[in-house]
Amino acid sequence: MTNSPHKHPQKSPQKSPYKYPYLKQDFGASIVVFLVALPLCVGVAVASGVPAELGLLTGIVGGIVTGLLPGSSLQVSGPAAGLTVLVFEAVREFGLPALGAIVLAAGVLQLLMGALKLGRWFRAISVSVVEGMLAGIGLVIIAGQMYAAAGMTAPASGIDKITGLPEAFVEAVGSTTALASIAIGAGTVAVMVLWKRLPETVRAVPGALAAVVLATLAALAFDLPVATVEVQGLLDAVQVPGADAFGELASPAALGTVLAFALIASAESLFSAAAVDRLHDGERTQYDKELMAQGAGNAVCGALGALPMTAVIVRSAANVQAGAKTKASRLLHGVWLLLFAALLPGALALIPLPALAGILVHAGWKLIPFRQIVSLWRTHRGEALILVVTAVAIVAVNMFEGVLIGLALSVAKTAWEASHIKLEVIDKGAGPVQAYLSGNATFLQLPKILDSLEALPQDRPIELDLSGLHHLDHACRTALENWAERHSASGTEPVKVTSP
């Protein structure tokens, strides 16, 4: 059969008139994300104690490499403030050359976890632990960047950063250079806070970018004695890890850092994915594929000696709000970062370091979930306690051990709640004593259960109803059987037990 000369072939109407129907929306969103990411990439790198270009390099890989892979189509990856503290400690302890090997190993571990379908299990991590982790990181970032804003070197530990602030303030007051630097940092924070109150047409420019540009212009116009970003060029900043760097991985401390990078970056990325999914009605995140995409990105970053990456909620939310429809927006944002780093590296040298410190102070403040803490305290005080303890542990000890403390508390709380049990005794004065057990009978509550049962009258028949139990473990079952035998052996009627 031939087609009628008056009809077009059937496949022609199925084709869209445009090859890329969302190109306009994605192009516009990519510009917005680029402008949001640029100062954050540079600021996170400087705060981590590495060349600014390495932050841009991670942003480029996050856009182009991770951006091309399946997982979450609208989530944007790059260097995150949440890993700043851990990266700074790793560089201080193992050196910059070893950072690439650590990040590469963490990326391979993420790939392995994704291949084993472990991505969805990260959603089982207590939200209080994650928010406590972010709060602790936020506190350390704020304290550390206070020193950077004054042009000073921050102490190494989180607790020393906080306790040393009064002395640093007194020292800064007596220095004209430090006061000028603090003015730039404080002005940057003020611009970012006030930017949201300006007309919508002005807010089309991201607040972080506007703050950096204004701080740079102010430093130049008044010739302020403030330190600026050191520039060495994108290719010069690349540090491919060598054999010595990989040799560092043999130490338990380095392996612990690899594990911390992988777990924290994965948790932050997948929690971000869940948050981004709530912002749009498009395709949902495939968690295992997203974990592998993050792993691939970190493996490439490690091979180039760059910073570790995570999905970043600030950039991801900006991407969605700017109207992005496909992964093209995040890919293009990586291209814009690459073009900027290649064509305008000298522009970085004009940026005052206290302006970047101000951006990170603002970012650190936003990591502290003040409203959630108040809400949790009213409804779930145990969860609020876990959040606060995790944050304090990160400040007082370190990131990895602080998170482990939070996870241990969360598991202990869950075990305690799961082991709640209630014994109700009805004694009418005559006839058998009726005992009703309800809840979860586990070995954790075994002493309490036995004390209550052994307190029942020994000379009366007992009816023990276990039908209200949700769970009865082997230890409890055995203990209850032994108690029933002992009670029956005293000459009374055998204990009647209703099974759960």
(request) Decide yes or no on side chain to side chain contact (heavy atoms under 4.5 Å, CB included) for Leu96 and Leu54, but give the supporting numbers first. (result) CA-CA 11 Å; Leu96 184 56; Leu54 291 183; 4.2 Å; yes

Is it the case that the side chain of [X] and the backbone of [Y] share a donor-acceptor pair, with hydrogens and angles ignored and the cut-off at 3.5 Å?
X      : Y      : value
Asp26  : Ala324 : no
Ser329 : Lys325 : no
Lys161 : Val140 : no
Thr310 : Ser269 : no
Asp288 : Gly119 : yes
Tyr147 : Leu165 : yes
Ser410 : Gly406 : no
Ser251 : Glu248 : yes

If the condition is side-chain contact (heavy atoms from CB on, under 4.5 Å), which residues does [X] pass it with, not counting sequence neighbours?
X      : answer
Gln372 : Glu131, Pro369
Val300 : Val61, Val65, Leu304
Phe88  : Arg92

(message) Going by salt bridge (Lys or Arg N to Asp or Glu O under 4.0 Å), name the pairs with one or both residues in residues 371-386, residues two or more places apart or in two chains.
(response)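 Salt bridge (Lys or Arg N to Asp or Glu O under 4.0 Å) check on residues 371-386 returns Glu383-Lys413.
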
(message) Under the salt bridge (Lys or Arg N to Asp or Glu O under 4.0 Å) definition, can you give me all pairs with a residue in residues 422-432, not counting sequence neighbours?
(response)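 Matches after skipping sequence neighbours: Asp427-Arg460.
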
Nearest-0.5 Å distance that lies between atom [atom1] in [X] and atom [atom2] in [Y]:
X      : Y      : atom1 : atom2 : value
Glu268 : Leu263 : CD    : CG    : 13.0 Å
Leu332 : Ile64  : CG    : CD1   : 9.5 Å
Ile368 : Leu139 : CD1   : CG    : 4.0 Å
Phe94  : Leu99  : CZ    : CG    : 10.5 Å
Ile60  : Glu53  : CD1   : CD    : 10.0 Å
Leu360 : Leu40  : CG    : CG    : 7.5 Å

(message) Please enumerate all residues that pass ring pair (Phe, Tyr, Trp, His ring centres under 6.0 Å) together with Trp195, with sequence neighbours excluded.
(response)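 For Trp195 there are no ring pair (Phe, Tyr, Trp, His ring centres under 6.0 Å) partners, ignoring immediate neighbours.
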
(message) Trp365: which residues meet the ring pair (Phe, Tyr, Trp, His ring centres under 6.0 Å) condition with it, sequence neighbours left out?
(response)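 Phe370.
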
Does [X] reach the side chain of [Y], with side-chain heavy atoms less than 4.5 Å apart?
X      : Y      : value
Val76  : Val312 : no
Leu423 : Leu453 : yes
Leu74  : Lys327 : no
Asn319 : Val32  : no
Leu111 : Leu291 : no
Trp483 : Ile449 : no
Phe246 : Leu104 : yes
Asp465 : Gln434 : no

Please identify each residue that fulfils salt bridge (Lys or Arg N to Asp or Glu O under 4.0 Å) with [X], with sequence neighbours left out.
X      : value
Glu171 : none
Asp277 : none
Asp244 : none

Taking every non-hydrogen atom, the tightest pair across [X] and [Y]:
X      : Y      : result
Ile394 : Ile137 : CG2-N, 4.2 Å
Pro79  : Gly55  : CG-O, 3.5 Å
Ala357 : Ala148 : CB-CB, 4.0 Å
Val193 : His362 : CG2-CD2, 4.0 Å
Thr66  : Ala293 : OG1-O, 3.5 Å
Ala245 : Pro97  : CB-O, 3.3 Å

(message) Test side chain to side chain contact (heavy atoms under 4.5 Å, CB included) on Leu387 and Ile373; report intermediate values, then the result.
(response) CA-CA 8 Å; Leu387 191 159; Ile373 293 173; 3.6 Å; yes

(request) Just grab all the side chain to side chain donor-acceptor pair (under 3.5 Å) pairs involving residues 110-119, residues at least two apart or on different chains. (result)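 Checked against side chain to side chain donor-acceptor pair (under 3.5 Å) - neighbours excluded - the pairs reaching residues 110-119 are Gln110-Ser266, Gln110-Asn298.
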
(request) Output every pair passing side chain to side chain donor-acceptor pair (under 3.5 Å) with a member in residues 68-89, not counting sequence neighbours, ordered by first then second residue. (result)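 Qualifying pairs, neighbours excluded: Ser72-Thr285, Gln75-Ser272, Gln75-Glu290, Ser77-Gln294.
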
(request) Please determine which of Leu466, Leu472, Leu469 meets the side chain to side chain contact (heavy atoms under 4.5 Å, CB included) test together with Arg477. (result)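 Exactly one pass, corresponding to Leu472.
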
(message) Set out, in order, the CA-CA distance, both residues' side-chain angles and the distance that settles side chain to side chain contact (heavy atoms under 4.5 Å, CB included) for Ile162 and Ile159, then state yes or no.
(response) CA-CA 5 Å; Ile162 293 175; Ile159 199 74; 5.5 Å; no

(request) Check step by step if side chain to side chain contact (heavy atoms under 4.5 Å, CB included) holds for Met146 and Met152. (result) CA-CA 9 Å; Met146 290 287 192; Met152 300 176 180; over 6 Å; no

